[in-house]
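Structure, as structure tokens:
Numbering starts at 1 and runs along the sequence shown.
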Amino acid sequence: MIKTILTDCFNTIILRKTSAEEVVFNWCIKLGGKYSVDANVLYKLFYKNMIKIAIKNLFKTGEIETEYAEVMARSCSALKQHITDLDVEEFKKDALNIYIETEAESQFVNREFVDKLEQFKSGGAKIYVVSEFYLGKDVLKQWLDKLGILHIFDDVFSSSDYMLTKRSGRLYKKLTKELGLKKKETIMFGDNILSDIIAARLFGIKTKRTHARAVKPTKTFKQQIKYGRYHKEITDVFNERSGNYNFSNHAFPFFLFTRRLLAQLEQREVKNVFFLSREGQFLKKLFDNYCALTHRGQDIKSHYLYASRNSLYRARLRPLAEEDFEFILKAAWGMSIYAFLSTLDFTAAEIETVNSQMNTDVKKKHRKFGNSDIYKKLIASKAFKDIYEQKRKGQAEALSAYLDSFGVDFKKEGMHIVDIGWRGTMQNLLKNCLDSSIAVNGYYVCLKTFFGSFIKSNKACFQAGKSKQGLLHHVGNKEQFGNKLFEPLILHDYEQVCRADHNRTEAYEIKDGKPVVIFANNTVDEGELHKKYFAPIQKQIEEKFNKLCAYDTKHLSLMEPMAIEMFYNMIKKASRHDLNFIADALESYHDNFVMVGYLVKGINRSYIKLGYRLLYWRYTVQFAFAKRRVRSAYLRLILNSCGKCEAAQKAKVKKQEKRKPRCHHA
């Protein structure tokens, strides 16, 4: 009675070693590795577009069916927004070839069922493969041929070729009409109770359910989809301890900063970047490691620039008739002549020369020094004028020669500097030292201040040209992912961890026709401190930082939410040893601009520790509310930015225009 056999393909003829979802994920891993995109992003993008197309077809034709070509077209359109140099046709070609290869690697024949089909074939029956699959018959034939069983089948049919499904019964109707089949002489074999059994029976075709079952996704795969492909490996890296003072997990925020820094430099096509001393010494080392390990930024040269507020301020001084010394006078409410002249790099002998004309106590402090009579008398002194003018010109010439030694055309390229940040005052000083036509762009770990006027200037600076950017936290940037979470409450954490092995830059000189950097002669030997305390800490961070580089991708990546999550865990698990270390390190910190001194020494260490514990507690509470939303928000940021229609963009613009205040004269 049976003359025609219809059979399902997957989990009936062809079995998989892994689940269908894992096959797609393995495909995303291979494809993402070639195009430097995180596998999780590709996986979610693929299924998101598949669902969208299926819903569109449901309302249009009544069929929940998708086609691979349309899914990939939408995915490529989305990826093109993030990978501007993406060759769409090449990507589609590679994606199809890699998918066919990945699927074939997981396939094997259901030998017991195929043997029965061969018996039917020898009896004269016609056998057809009928599969619900988003790829066409040509690809299915290719897999069957590779498995050595294509000769059994008279033809192969795929639902995506007709955009009709078995579950609706329309595909059965189409094939019976096309092949001229008689329902009473036809039987359908398959594993799906809805598509292969119930739908076929309702259409009048006899059915037989096969015993093979689909492989279920593993627990590991589910965790990879939820938390990221490398979440387990990164968690293991985080849990590695490195001695009593476990500051090694600072590698996570530093990794995020370095990754964002390189992205900004590549976007702007920067060729030379300058890391400011002293914290820039360690930041430069991490940047160079990242470029070497990820094979990115090969065209970018990193330089280490010896500079400080003292040295740059002295080099930017204007003629005395134009100079108001506001930068110095604002830094201290009370000052002596000795402190003022020392800040301007006057030696003890030069101070004595000036005092010989004034005949006063140079070490006596005066309130509101800039408005005092002694200040006016000092400015009018001929000895001060002569020495000041000589030093001003000498420092400006020495700094110019020092910058020229790098061989960079600043007028053409501008100047790009990297520092810890907080207020970006070093950038302002550099801008004043250079030609007004040279653009100075600053990239900082965090950019924040406690003064309202400076906050406004930061916002304006960020909105116009982005000449100042805090890459972990920027007070004027609400769109940056995780911006609020990195609000720098613990200001000295990064500064202490990034301590350099040399003293502060004091001035510049020209000796034998070459520029020379002069360092401050502190009572504390920074080289010994670095060797004793900070070199081991930086080694811990660098080791973990290098491990993280192995898990990074160039374009779309989940490393950002992972790094932020680990930053939360770092704050939550801060140990007593860590807090004591910060308190001890603060006591040795020297940055004596305007010779005021660092006043932390006068504060009881127990209060310092208490303050840090309160700050860490604030971080823990703040992160507890935000942690769950971090990863989903980042994926939503990526996926929602993909494939937005013009109508939605216009609606958004129209909504923003409605919010703008209108003039009452209009």
Side-chain angles (χ1 to χ4, degrees), residues 6 8-11 20-21 23-24 27-28 41-81 86 88-89 91-93 95-96 99-100 103 128-141 155-179 181 183 188 190-205 214 635-636 638-652 654:
L6 305 179
D8 184 35
C9 184
F10 294 102
N11 303 318
E21 293 87 349
V23 171
V24 174
W27 165 62
C28 292
V41 175
L42 281 177
Y43 180 86
K44 292 180 183 294
L45 188 61
F46 182 78
Y47 275 109
K48 176 194 173 185
N49 289 324
M50 186 177 289
I51 292 169
K52 278 188 173 181
I53 294 169
I55 293 173
K56 183 194 75 172
N57 290 335
L58 175 63
F59 287 102
K60 188 176 180 180
T61 64
E63 292 283 7
I64 304 177
E65 186 54 278
T66 57
E67 187 182 12
Y68 173 84
E70 189 177 358
V71 174
M72 289 308 299
R74 287 201 177 201
S75 299
C76 289
S77 176
L79 291 172
K80 187 72 175 174
Q81 297 181 26
L86 180 69
V88 175
E89 295 303 320
F91 180 84
K92 289 180 180 179
K93 182 180 177 182
L96 181 59
Y99 185 87
I100 293 172
E103 180 72 62
Y128 300 97
V129 175
V130 184
S131 177
E132 279 188 343
F133 198 58
Y134 43 77
L135 281 169
K137 63 186 292 184
D138 293 336
V139 177
L140 292 177
K141 281 185 174 182
D155 206 348
V156 177
F157 300 97
S158 175
S159 59
S160 60
D161 291 332
Y162 298 93
M163 294 305 291
L164 300 173
T165 61
K166 292 187 288 185
R167 67 178 69 89
S168 68
R170 292 180 181 177
L171 185 57
Y172 293 120
K173 183 178 180 180
K174 178 72 175 177
L175 294 180
T176 52
K177 184 177 180 180
E178 185 176 312
L179 299 173
L181 304 179
K183 298 178 184 178
M188 175 68 192
D191 67 306
N192 191 292
I193 188 67
L194 176 61
S195 301
D196 301 326
I197 306 302
I198 296 176
R201 284 184 181 178
L202 289 174
F203 189 67
I205 297 176
L635 273 174
R636 202 158 53 247
I638 292 176
L639 298 179
N640 288 350
S641 65
C642 301
K644 287 186 176 179
C645 62
E646 293 182 6
Q649 293 285 3
K650 289 180 181 178
K652 184 178 179 181
K654 191 175 181 181

Parallel, tilted or perpendicular, judged at 30° and 60°: which one describes the rings of Phe133 and Tyr99? tilted

Looking only at atom types and distance, does a side-chain atom of Lys92 sit under 3.5 Å from a main-chain N or O of Ala73, one as donor and one as acceptor? no

Identify the heavy atoms of Val71 and Thr66 that sit nearest to each other, and give their distance. CG2-CB, 4.4 Å

What distance do Lys44 atom NZ and Cys28 atom SG have between them, rounded to the nearest 0.5 Å? 11.0 Å

Donor-acceptor pair, distance only, cut-off 3.5 Å: does the side chain of Ser160 make one with the backbone of Leu135? yes

Over all atoms of both residues, closest heavy-atom pair of Ser131 and Asp8: CA-OD1, 4.1 Å

Trace of the side-chain contact (heavy atoms from CB on, under 4.5 Å) decision for Phe10 with Asn192: CA-CA 10 Å; Phe10 294 102; Asn192 191 292; over 6 Å; no

Over-ring placement of Lys173 relative to Phe203, 6.0 Å and 45° cut-offs: no

Side-chain donor-acceptor pair present, Thr165, Glu65, cut-off under 3.5 Å: no

What is the ring orientation for Phe157 with Tyr162, classed by angle as parallel under 30°, tilted 30 to 60°, or perpendicular over 60°? tilted

Looking only at heavy atoms, what is the nearest atom pair of Cys76 and Val88, with distance? CB-CG1, 3.8 Å

Within a reach of under 6.0 Å around NZ of Lys56, are more than 12 heavy atoms found that belong to other residues, nucleotides or ligands? yes

Does some side-chain heavy atom of Val139 sit less than 4.5 Å from a side-chain heavy atom of Tyr68? no

Nearest heavy atoms of Arg167 and Ile64, plus distance in Å: NH1-O, 3.3 Å

Check: Arg74 and Ile53 side chains under 4.5 Å, non-hydrogen atoms: yes

Nearest 0.5 Å, please: how far is OH in Tyr172 from CD1 in Ile205? 6.5 Å

Distance col, row Ile55:CD1 vs Met50:CE, nearest 0.5 angstrom, shows 12.5 Å

Can you give me the closest heavy-atom contact between Gly204 and Lys183, atom names plus distance? O-CB, 3.5 Å

Please find the pair of heavy atoms, one from Met72 and one from Ala95, that lie closest to each other, and give the distance. CE-CB, 3.7 Å

Report the distance from atom CG of Leu45 to atom NZ of Lys48, rounding to the nearest 0.5 Å. 7.0 Å

In this structure, NZ of Lys137 is separated from OG of Ser159 (nearest 0.5 Å) by 13.5 Å

Gap separating the CD atom of Glu178 from the CG atom of Asp155, nearest 0.5 angstrom: 8.0 Å

Between Glu63 (side chain only) and Arg170 (backbone N and O only), is there a donor and an acceptor less than 3.5 Å apart? no

Can you find a heavy atom in the side chain of Trp27 that is under 4.5 Å from one in the side chain of Glu103? no

Which one of Leu6, Asp191, Val130, Asn11 satisfies the side-chain contact (heavy atoms from CB on, under 4.5 Å) criterion with Asp196? Asp191

